[in-house]
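If you read the sequence from its start, that first residue is 1, and numbering goes on from there. All values reported here derive from a predicted model rather than from experimental measurement.
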Amino acid sequence: MIKFFRKIRQRLLSENKFSKYMIYAVGEIILVVIGILIALQINNWNENSNQDKLELEALKNLREDFNFNLSELIRIDSVNTKNIKSCVQILNHTGKRYTEEFILEKHLNAATASPDYSAKNGFLNDLINSGNLGLIKNSVLRNLLSSWLTELSELTLREEASQKTDFELIDFIIKNGSYLDVDEIVGFNKNLNVKLPKSGFEIDNNQMLKIPEFENRIENQIIFFNIATEKYLVCMNLNKEILQLLESEIKTKK
């Protein structure tokens with residue numbers, strides 16, 4: 001092709017057809033420019049196609065992680081709700097409401113077991129740390145993904161505060177009650193490789209129901225469990241919103 005244009009150019013020059021040569025030269029330049037533009041367009045198309053494939057893969061990976069995160073949030077929130085119910089049951093039997101029939105040991109483990117939520121954020125963290133969060137073209141979705149990590153940080157702080165009160169209540173029970181009796185009644189011993197003996201002390205855990213400090217500590221547990229519950233709800237709503245956008249984006253990319 002290049003030889004063909006060169007021959008035409010030489011023939012026009014040899015025939016002294018300068019004006020036609022100029023027209024031809026301009027035309028040749030235009031053809032070259034058009035060729036370059038077409039090549040750039042093809043290159044851009046290929047690059048955009050690759051970006052779309054990477055984005056779709058990222059969206060699917062995020063969907064998998066956030067489906068797990070939502071199911072785990074629901075499970076953790078359910079545990080937290082049961083803990084609150086156990087604490088309320090205990091408060092219904094403190095002080096003048098004390099009854100010997102109430103089995104306190106059935107509720108003590110729940111009263112001292114703040115949940116610890118662990119989200120699956122490996123892929124999201126990789127996107128952020130590698131600077132590839134921009135693969136997600138939907139700006140609303142990008143902002144929600146960023147806010148997700150912020151909400152989790154706040155949730156972690158609330159859980160840590162709740163766990164601190166767990167240890168304080170556990171310490172109180174250690175000083176005033178018997179964990180051997182608790183473990184025997186709830187069946188914790190069955191999960192151990194060694195069989196624990198019964199307590200060597202004549203301790204009635206129900207006597208703690210008559211101590212005002214115990215009542216106050218149980219009430220304190222409810223407060224901290226409830227604070228965590230509020231953040232679980234926020235995180236669940238945000239998780240659902242992210243999943244809806246992920247599903248929508250995936251459908252448009254297929």
Side-chain angles (χ1 to χ4, degrees), residues 36-84 112-168 170 221 223-254:
I36 293 173
L37 290 175
I38 292 173
L40 288 173
Q41 186 65 29
I42 293 174
N43 184 65
N44 287 337
W45 183 86
N46 288 332
E47 187 174 333
N48 289 335
S49 179
N50 289 333
Q51 289 292 99
D52 288 342
K53 290 179 181 178
L54 289 174
E55 183 185 11
L56 180 58
E57 182 180 353
L59 291 169
K60 289 181 177 178
N61 285 329
L62 288 170
R63 179 178 63 182
E64 180 181 343
D65 286 353
F66 276 90
N67 274 325
F68 170 84
N69 290 341
L70 181 58
S71 63
E72 188 66 6
L73 266 173
I74 293 172
R75 185 187 70 81
I76 289 291
D77 182 60
S78 176
V79 171
N80 204 52
T81 299
K82 290 179 181 178
N83 292 348
I84 293 174
T112 59
S114 296
D116 185 10
Y117 178 62
S118 181
K120 189 177 179 183
N121 291 321
F123 191 79
L124 175 58
N125 287 330
D126 285 344
L127 282 179
I128 293 174
N129 294 334
S130 63
N132 287 325
L133 188 59
L135 278 174
I136 311 300
K137 295 184 178 67
N138 188 314
S139 60
V140 175
L141 178 55
R142 284 202 310 273
N143 290 335
L144 290 179
L145 288 170
S146 297
S147 63
W148 167 253
L149 296 178
T150 300
E151 293 295 343
L152 284 187
S153 295
E154 294 180 7
L155 174 58
T156 297
L157 291 175
R158 295 192 183 196
E159 286 184 335
E160 288 175 348
S162 185
Q163 289 160 12
K164 183 176 182 294
T165 65
D166 286 351
F167 291 123
E168 292 172 352
I170 289 171
Q221 290 296 98
I223 298 300
F224 278 91
F225 285 149
N226 191 66
I227 289 174
T229 294
E230 293 172 354
K231 185 54 69 172
Y232 288 137
L233 180 60
V234 171
C235 289
M236 276 193 280
N237 289 335
L238 177 57
N239 196 312
K240 290 176 183 178
E241 192 174 356
I242 288 173
L243 278 173
Q244 288 176 352
L245 283 174
L246 286 170
E247 291 289 355
S248 177
E249 289 296 301
I250 289 171
K251 287 180 181 178
T252 61
K253 303 299 178 186
K254 287 183 177 180

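Around atom NZ of Lys164, no more than 12 heavy atoms belonging to other residues, nucleotides or ligands sit under 6.0 Å away.
We find that Glu64 and Lys60 are not joined by a salt bridge, their nearest charged nitrogen and carboxylate oxygen being 4.0 Å or further apart.
Applying the ring-ring contact (aromatic ring centres under 6.0 Å, His included) test to every pair with at least one member in residues 53-75, sequence neighbours left out, gives these pairs: Phe66-Trp148. Within the structure, side-chain hydrogen bond (donor to acceptor under 3.5 Å, both in side chains) contacts touching residues 65-76 (residues at least two apart or in different chains) are Glu72-Arg75.
In this structure a side-chain-to-backbone donor-acceptor pair under 3.5 Å is present from Asn83 to Ala113. Between the side chain of Asn143 and the main chain of Ser139, a donor-acceptor pair closer than 3.5 Å is present. In this structure, Asp77 contributes its side chain and Leu73 its backbone to no donor-acceptor pair below 3.5 Å. Of the possible polar contacts, none joining the Ser162 side chain to the Glu159 backbone as a donor-acceptor pair under 3.5 Å is found. Within the 3.5 Å criterion, the main-chain N or O of Leu59 finds no donor-acceptor partner in the side chain of Glu249.
Checking Ser114 against Gln163 by side-chain atom types alone, no donor-acceptor pair falls below 3.5 Å.
Here the CG-CG distance, from Leu56 to Asn61, works out to 9.5 Å after rounding to the nearest 0.5 Å.
The shortest non-hydrogen separation linking Ala228 to Leu155 is O-CD1, 4.2 Å.
Considering only residues two or more places apart in sequence or on other chains, Lys240 meets the salt bridge (Lys or Arg N to Asp or Glu O under 4.0 Å) condition with none of them.
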